[in-house]
Amino acid sequence: MAIKRSSDSPDPDRAYKTNRSKQSSYEVTLLSPQANTQETENNEAKIRPQKLADYIGQKKLKGILNMAIAAAKDRADPLDHLLLYGPPGLGKTTMSLILAAEMGVDCKITSAPALERPRDITGLLVSLKPGDIIFIDEIHRLNRMTEELLYPAMEDFRLDVTIGKGQTAKTRSIPLPPFTLVGATTKAGALSSPLRDRFGIIQRLRFYELDELTLIVKRTAEILQASITEAGAIEIARRSRGTPRIANRLLRRVRDYVQVEKVATITEELAAIAMNLFDVDAQGLDWTDRLVLNTIIKQFNGGPVGLEAIAAATGEDGKTIEEVYEPYLLQNGYLSRTHRGRTVTAKTYRHLGYQPQESEPQQTELL
Ligand code: ADE
């Protein structure tokens, strides 16, 4: 299997770099579930599971994909188009690479912002070999023209291109080899229904359980040849916001810390000291999580407050708050969403050392 990355992919950290004047880029790199730095680029390939059997967690998704792979191989067909949705850092790209490896095909990785012009997607499509996988990250951000080129490509493996302009314009259909599109998004609801309807399999990735993250930390430590105790692995897992990418990044930072301290093994105590140093608290909340929650308490009396007001008051990008930070805070009871805006909970007051307010709004919206 070969991994190809579209060369003109935009910098995925740009939103962070431009919107985080208060934070050093170091903090951003460490804590963001989304940040994809050179360090992670270089090391991630080494620690990524290569086979479905090595992939820890997401049991239901693995079951479905195992079946889809077996059936597709049996029929000598490509896999059905697959839409993976869920918060960043949970393994959507990894899963796409595993699918390619299991099917014995190439995977071309790109993201919607890199597919700006029609020739970006047409170039990609005509370069495919039968069965290949195209992985499009942030697929909810595709522009209309690119999306419309994808419809016949996905449905009939056909590229409809218009040649010329005005009255002399002609449409030509170019046959494409059968391929699989894997779309990834943090916002399934933002996909247009014609696009969503063209995916044969739509699956959500969930936050990982503590035991799954602990196994991931231990597996990565073994690959990195870092010695770690069971309790040390649990401590890192506990502070990883249910997200393998964060777990692996924290492990690397803790490993740096023990190395500088000239200690041979990562223990629970050393892991805790190191992560406190990096501003990751006992529940795994980071600097930005606490900024958002503290702002709602101090400036908006606990809420309800709208996303744009939080963004303006914190200097963070509203989309980043919504797509990267909120899902974990909502799922873990630090934040609730009412029809009037975001509200912090009694758990948040306690966690941040405030006296809880008398009453909390009851009406919450389902995610
Ligand atoms: N590394 C990152 N995510 C992983 C996963 N789900 N299983 C095993 N190793 C991983």
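Note that ligands are numbered from 1 as they come in the structure, with each ligand's atoms numbered from 1 the same way.
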Give a table of atom pairs where an N or O of ligand 1 lies under 3.5 Å from a protein N or O.
residue	atom	partner	partner atom	Å
ligand 1	6 (N)	Ile56	O	2.9
ligand 1	7 (N)	Ile56	N	2.8
ligand 1	9 (N)	Arg219	NH1	3.3

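For the pair Asp120 (side chain) and Glu116 (backbone), a donor-acceptor distance under 3.5 Å is present.
Side-chain heavy-atom separations under 4.5 angstrom define the hydrophobic clusters, and the remaining members of the one that includes Leu210 are Ile234.
Cation-pi geometry between Lys108 and Phe135 is not met: the NZ or CZ atom fails to fall both under 6.0 Å from the ring centre and inside 45° of the normal. Both tests pass for Arg198 against the ring of Tyr151: distance under 6.0 Å to the centre and angle within 45° of the axis.
Tyr85 has its ring centre no less than 6.0 Å from the ring centre of His140.
In summary, Glu147 and Arg144 do not engage in a salt bridge, as defined by a charged side-chain N under 4.0 Å from a carboxylate O.
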